[in-house]
Amino acid sequence: MSDILERDRRHVWHPFTQHASERDPVVVTRAQGASLFDEEGNELLDLISSWWTCVHGHAHPALVETLHTQAQTLEHVMFAGFTHAPAANLSFELSRRLPGDLNRVFFTDNGSSSVEVALKLAYQYHRNKGDMGRSAFMALDGAYHGDTLGAMSLGRGSNFFTLYEGLMCDVHLVPNAPVWDGCDDIEEREADALKALADTLDRHGKTTAALIIEPMMQGASGFRFARAPFVRKMSEMAREAGLLVIYDEVATGFGRTGALFACEKVGFVPDIVCLSKGLTAGVLPMAVTVARDPVFEAFLSDTFDTALAHGHTFTANPLACAVALMSLELFDTERTLEKVAHIEARHREQLAALRDHPRAERPRAQGPVLAFELSGSEGHYKTDDGERVRDWYLKNGLNIRPLGPTVYLMPPYCITDNELSRAYAGMFEGMNSL
Ligand SMILES: Cc1ncc(COP(=O)(O)O)c(C=O)c1O
């Protein structure tokens, strides 16, 4: 065993890991483009973009250069009472690219925190406007919004956090209506879900601050896609009932549904948007919660009482902001969304074979995501088949990490056609090995 593994075994506590039984982690020594390299120099194709972050691939020269230059100029400064060009320019560029009047950017460090901020904004928005009775939230069944207390409460329908029920805040769950290639009952399920939302709004609409949605795609609960008119309708119904609408685009932002932001596909301007993961292209941890003008305006008065009492030490770190800004520029200069469209077209070519495969169910593709379930492998987060096929993939040079029974690919957008072909061949071979 290498020294690194030895020290890791003794001292590191890994996320979402049962240390008593899980295999040793892979020691990664470097990464380039769509590939990771381990201690022995073995290559692993990073087909899940390192937890969905590195949109342009690893070690992109422009991002590395930007980080280097920014580190020599200003590495950090407190963000209360101070500002700097990378934060101001990034806020401008995000506002310019987001639809409508989503113009006000609040910085945090990770996706869960961006969701906590969204909850506090929504709760306080109503109070600042004199409506003191809205302290609950609505979320979709199966949603995942992070693992801090508020975010866990919203994600209680994902089954990740049952143990922590006692710590959770008041959340009303409404059904979702996932869609996949060839499903024939989607209209019916959407109608049922909308009816359930209408009932929940009737009962709890006046005491609820906001509805939160992962638009177009629920990520961590198994890449469950939704149809745009359905998501739009839910959003409109919530707004009509006086709730704010929060889109958690931590996973869907930066091309993950084919558009830069999923809200563009939905055709709805939410009141608040959460972004992280692809924001810094996987280089540094950062998140933002972006609010529409009327939300921000509700916090303005001549007393601190209506201000948002929130802020983290590393808020708007200049290194992360500079890299995020360069990443946005790359979306333009490298025509990144065209690369995403190409990946989607390649994914779609796999759907027929997946439909015919005895171990694959509910195949689907959207943007750079290809997903399906392993048939006969019900369960959640970790299933026997999921873990076995994951081991096979790792041994065969592929970083594919099923979520329970759901196998998915979400490669960095720099992936080449050859690499994609390798990924598909391996994906099927791994399934055949089960
Ligand atoms: C939709 C969504 N929201 C929030 C989060 C939490 O982000 P983080 O892990 O950075 O706290 C995730 C993480 O997967 C996510 O997929």
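Note that ligands are numbered from 1 as they come in the structure, with each ligand's atoms numbered from 1 the same way. Because only heavy atoms are used, hydrogens play no part in the values below, and waters and symmetry mates are left out as well, while side chains stay in.
Protein residues with a heavy atom closer than 4.0 Å to ligand 1 are Trp52, Asn110, Gly111, Ser112, Tyr144, His145, Gly146, Glu214, Asp248, Val250, Ala251, Lys277, listed by chain and number.
Panel note: side chain Asp181, backbone Pro363; no donor-acceptor pair is recorded below 3.5 Å.
For the pair Arg232 and Phe268, the cation does not sit on the ring face, since its NZ or CZ is not both under 6.0 Å from the ring centre and inside 45° of the axis.
A salt bridge links Arg346 with Glu349: the closest approach of a Lys/Arg side-chain nitrogen to an acidic carboxylate oxygen falls below 4.0 angstrom.
Exactly one residue among Glu334, Glu65, Gln32 makes a side chain to side chain donor-acceptor pair (under 3.5 Å) with His60. That residue is Glu334.
Aromatic ring centroids of Tyr408 and Phe372 lie 6.0 Å or more apart.
Taking the six-membered ring where the residue is Trp, His56 and Tyr413 present perpendicular rings, their angle passing 60° and hence far from 30°.
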